[in-house]
Amino acid sequence: MRQVEIGHAMMRQRSRNAQAPGSARVSRLHPLERAASIPCLFQKVRFFDDGREDYAPQRRLLAMVPRRDSRRELAESSPVRGCMVIRPYGFALWEAIRDGLDRRFKATGHVNAYFPLFIPMSYLAREAEHVDGFAKECAVVTHHRLIAGPDGGLVPDPEAKLEEPLVVRPTSETIIGSSFSNWVQSYRDLPLLINQWANVVRWELRTRPFLRTTEFLWQEGHTAHATEAEAVEETLRMLDVYADFAINDAAIPVIKGRKSARERFAGAVDTYAIEAMMGNGWALQAGTSHYLGTNFAKAFDIQYLDRENIKQYCHTTSWGLSTRMVGAAIMAHGDDQGLRLPPVMAPIQAVIVPIWRKDPERVLVMEHAAKVKAALEAAGVRVKLDTRDDVSPGYKFNDWEMRGVPVRVEIGPRDVEGDAVVLGRRDVPGKEGKQFGIPAAQVGEAVCNLLVEIQAGLLRQATEFRDANTRSVSSYDAFRQLIDGDGGFIRVHWAGSDEDEDTIKEETKATIRCFPEGAEEGEGVCFYTGKRTTQVALFARAY
RNA sequence: CGGGGCGUAGCGCAGCCUGGUUAGCGCGCCUGAUUUGGGAUCAGGAGGUCGGAGGUUCGAAUCCUCUCGCCCCGACCA
């Protein structure tokens with residue numbers, strides 16, 4: 001958790017002198033979005049700049065050599081609108097997220113459980129704000145049987161209509177609340193610290209692979225506490241856990257903050273989030289943590305007897321992080337050549353590419369490669385030996401680059417002879433990223449050092465990019481100019497109303513992403529209302 | 001739901017305006033040979049109800065009508 005603090009200290013320092021001229025510009029369209037990878041998964045990719053035969057140079061290779069389409073390595077579209085098939089390599093990224101978080105949840109005293117996919121419709125209606133927030137995007141189950149239809153197809157049997165429709169969970173506060181009311185009797189039952197790994201469905205009108213899909217995977221933590229202070233502490237603790245994961249595992253320098261009333265979770269007293277900047281300067285809410293007050297406790301009768309034998313309502317929290325984080329990791333680090341995975345998350349941390357010409361060479365190289373592989377495994381590296389004999393070494397280099405594998409180990413006849421290997425790093429392109437003649441005996445240590453360096457390097461690059469694209473303005477004119485120009489995060493003093501926020505959203509498509517934690521120091525003038533205030537808001541266009 | 005666009009081989013597309021042998025091209029896929037330290041080359045091959053239905057015509061991927069689906073922009077959202 002210490003590194004979270006460091007990350008935020010760095011953030012504060014950098015954003016003060018972030019306007020360095022010549023710093024990296026936000027392109028309107030992230031390269032990944034245009035060509036190589038995930039975000040364009042369901043789009044047709046146009047390689048023509050003016051509709052005709054001119055290939056944009058950087059996309060030429062990807063356009064001409066899509067032997068294995070890197071986009072489809074991760075996920076692909078499905079017969080169901082807005083839903084995707086997550087393929088093994090993409091799912092491995094989710095598994096890395098899942099494992100990294102689950103470990104942290106357990107370390108903070110939480111246990112896993114599972115609640116039903118279906119929620120009685122009446123449950124959703126019990127918390128007024130909650131219904132308003134979710135009613136518009138619910139899938140509803142109304143029948144439990146199919147019969148042959150008039151045209152030979154199947155239709156729901158009218159005889160098999162459910163008395164009460166079931167809602168496919170868009171989130172589980174209500175059904176978990178009903179369990180909690182049974183589980184909690186006494187102050188001795190508290191705090192109740194539960195997490196569930198599940199799928200949820202939100203009938204979004206507009207979907208994007210990983211970033212917003214109709215069905216998605218997530219974890220939702222739900223906790224009940226005796227006091228407001230404890231519940232708020234829990235809310236912030238889990239926000240810290242998310243930030244710790246994002247920064248140290250995913251190498252994404254997120255900003256922790258409180259959401260504005262307009263962006264708050266339906267039914268929450270306060271919502272906190274981690275906000276990340278994507279490669280195109282847009283913000284992405286990568287995880288949220290809510291203090292729910294006694295709203296759900298009252299709706300679902302979650303009460304306990306305190307030491308004085310007096311009934312009290314619990315204060316509850318909920319917090320969630322989804323497969324959207326997979327998209328965040330891809331978008332935050334990817335470049336024109338494809339993915340760049342942070343080593344901590346990478347399903348394959350190092351890939352060995354053997355190089356040979358004729359058969360006797362092949363045997364020697366493979367022998368050496370197997371030895372190196374064993375050494376790397378012994379050093380705790382997730383390593384793969386690419387034994388394919390139907391593609392060239394050069395093809396393999398590019399193939400694994402596209403897939404974002406952090407370290408490549410090249411082994412050819414010359415390396416066998418010198419009992420050495422060549423190391424290449426994904427984050428430094430071309431020959432500069434290669435180290436020649438690493439003794440085989442030291443390969444474990446060398447690769448581990450490289451992985452640590454790459455992990456830090458990706459976080460550093462992402463942080464520098466974010467800070468270079470975080471700016472302050474003091475007038476609405478300047479704000480609008482910036483949003484339509486370079487984009488990125490805009491840090492301002494803010495004393496506006498909810499309606500002011502709506503107006504700004506309407507006029508600029510930018511929203512308050514959060515009131516960043518620890519940014520209240522120093523009074524200033526609100527860029528919109530001109531009032532003096534100590535409150536600082538972070539605006540951006542968001543996914 | 002409003003505005004735009006697109007459905008032709010596994011993927012990306014041309015052909016349609018101006019109807020006419022057996023519907024093409026690139027990539028991928030299969031076989032063989034030569035290759036292999038940064039996306040190999042050559043030769044041969046497989047693969048299509050041209051989204052669907054109806055109509056016009058001697059003849060429809062092409063023209064007309066209807067329909068289904070998808071994508072982009074907008075309203076909504078993690």
Side-chain angles (χ1 to χ4, degrees), chain A residues 40-48 51-53 55 60-72 76-79 81-82 132-137 170-171 200-208 210-220 242 259 262-266 271 273-276 283-290 318-325 327-328 337-338 353-359 361-362 365 388-402 408 410-416 421-422 424 429-431 433-434 436 505-506 509 511 542-543:
Chain A
C40 56
L41 195 63
F42 298 154
Q43 298 168 20
K44 283 176 188 166
V45 184
R46 288 212 74 85
F47 295 102
F48 303 116
R52 298 278 10 124
E53 287 160 9
Y55 286 104
R60 181 177 221 138
L61 276 180
L62 287 162
M64 299 306 284
V65 193
R67 313 189 181 208
R68 280 199 183 73
D69 192 332
S70 71
R71 291 174 289 165
R72 302 195 172 263
E76 60 194 24
S77 86
S78 78
R81 181 197 162 82
D132 286 351
F134 287 104
K136 284 165 298 199
E137 49 186 37
T171 178
V200 290
V201 166
R202 295 182 187 175
W203 213 266
E204 302 290 351
L205 298 172
R206 192 142 146 52
T207 59
R208 293 171 193 273
F210 286 112
L211 299 185
R212 178 175 299 106
T213 47
T214 299
E215 179 189 10
F216 55 96
L217 306 180
W218 78 344
Q219 61 59 221
E220 47 180 326
Y242 286 156
K259 296 300 246 184
R262 282 293 190 262
E263 300 282 324
R264 194 187 289 149
F265 175 74
T271 288
I274 51 171
E275 294 285 334
L284 184 80
Q285 179 174 305
T288 51
S289 187
H290 318 290
S318 69
W319 24 276
L321 187 149
S322 73
T323 34
R324 169 177 269 195
M325 182 56 95
Q337 322 308 324
V353 177
I355 300 149
W356 70 82
R357 258 185 296 269
K358 292 267 155 50
D359 210 42
E361 241 176 38
R362 192 187 103 96
V365 165
R388 287 178 291 179
D389 58 2
D390 57 338
V391 289
S392 68
Y395 175 90
K396 291 178 181 176
F397 294 167
N398 290 287
D399 194 36
W400 292 111
E401 257 164 26
M402 270 197 291
R408 184 180 59 245
E410 303 173 17
I411 298 178
R414 292 206 285 277
D415 303 296
V416 176
V421 300
V422 176
K431 220 158 195 163
K434 287 199 185 189
F436 298 89
K505 182 179 180 183
E506 227 167 87
K509 296 192 183 90
T511 50
Y543 275 105

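Sequence lines set the chain letters: A, B, ... in the order given, protein chains first and strands last, and positions in each chain run from 1. This structure is a prediction, so every number in the text was calculated from the model and none was measured.
- Other residues, nucleotides and ligands place no more than 12 heavy atoms under 6.0 Å from the CZ atom of R81(A).
- In the set rC77(B), rG39(B), rG38(B), rG38(B) carries the atom at the smallest distance from any side-chain atom of E401(A).
- Of the candidates rG74(B), rC77(B), rU36(B), rU36(B) carries the atom nearest the P393(A) side chain, counting heavy atoms from C-beta on.
- Residue K434(A) is in base contact, counting any heavy-atom pair closer than 4.0 Å across all strands shown.
- Among the heavy atoms of the strands lying under 4.0 Å from F216(A) is at least one base atom, whether or not backbone atoms are also near.
- Across all strands shown, rU21(B) forms no Watson-Crick or G-U wobble pair with both distances under 3.5 Å.
- When heavy atoms are screened at a 4.0 angstrom cut-off, E204(A) is found touching base atoms of the nucleic acid.
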* Asked: Going through the checks in order, is the side-chain contact (heavy atoms from CB on, under 4.5 Å) test met by T511(A) and R262(A)?
  -> CA-CA 9 Å; T511(A) 50; R262(A) 282 293 190 262; over 6 Å; no
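- Rounded to a whole angstrom, the distance from the C1' atom of rC42(B) to that of rG54(B) is 49 Å.
- With a 3.5 Å ceiling on both atom-pair distances, the Watson-Crick or G-U wobble partner of rC1(B) is rG74(B).
- The partner of rU57(B) cannot be assigned: no Watson-Crick or G-U wobble pair with both contacts below 3.5 Å exists in any strand.
- Of the candidate nucleotides rA75(B), rG38(B), rU36(B), rA75(B) has the atom nearest to the side chain of R206(A).
- When the nucleotides rG37(B), rC76(B), rG39(B) are ranked by their closest atom to the side chain of D415(A), rG37(B) comes out on top.
- Residue D389(A) is classed as having no contact, given no heavy-atom separation below 4.0 Å to the nucleic acid.
- As judged by a 4.0 angstrom heavy-atom cut-off over every strand, V422(A) is placed among the base-contacting residues.
- Under the Watson-Crick or G-U wobble criterion, with both distances below 3.5 Å, rU41(B) is paired with rA33(B).
- Taking CZ from R408(A) and CH2 from W400(A), the interatomic distance works out to 12.0 Å, rounded to the nearest 0.5 Å.
- Checking rG39(B), rA75(B), rU36(B) against the side-chain heavy atoms of D399(A) singles out rG39(B) as nearest.
- For a distance-only test at 3.5 Å, the side chain of R212(A) qualifies as a donor-acceptor partner of the base of rC77(B).
- Close to rA40(B), at under 4.0 Å from its OP1 or OP2, lies a side-chain N or O of S392(A).
- In this structure rA46(B) sits in no base pair that meets the Watson-Crick or G-U test at under 3.5 Å.
- Of the two residues contacting RNA chain B, namely K505(A) and I355(A), the nearest-nucleotide position lying further toward the 5' end is that of I355(A).
- Base contact: R408(A) has a heavy atom under 4.0 Å from a base atom.
- Residue-level contact check: R414(A) touches the bases, meaning some heavy atom is under 4.0 Å from a base atom.
- Nearest to the side chain of K509(A), among rG74(B), rG39(B), rU35(B), sits rG74(B).
- Pair assignment for rU62(B): none, as no Watson-Crick or G-U wobble contacts are both less than 3.5 Å.
- When each of R81(A) and G133(A) is assigned the nucleotide of RNA chain B with its nearest heavy atom, R81(A) is the one assigned upstream, toward the 5' end.
- To the nearest whole angstrom, the two C1' atoms, one in rC13(B) and one in rC71(B), are 16 Å apart.
- Comparing rC77(B), rG37(B), rU35(B) by their closest approach to the side chain of K358(A) singles out rU35(B).
- Residue-level contact check: S322(A) touches the bases, meaning some heavy atom is under 4.0 Å from a base atom.
- The partner of rC27(B) is rG10(B), by the rule that a Watson-Crick or G-U pair needs both atom distances under 3.5 Å.
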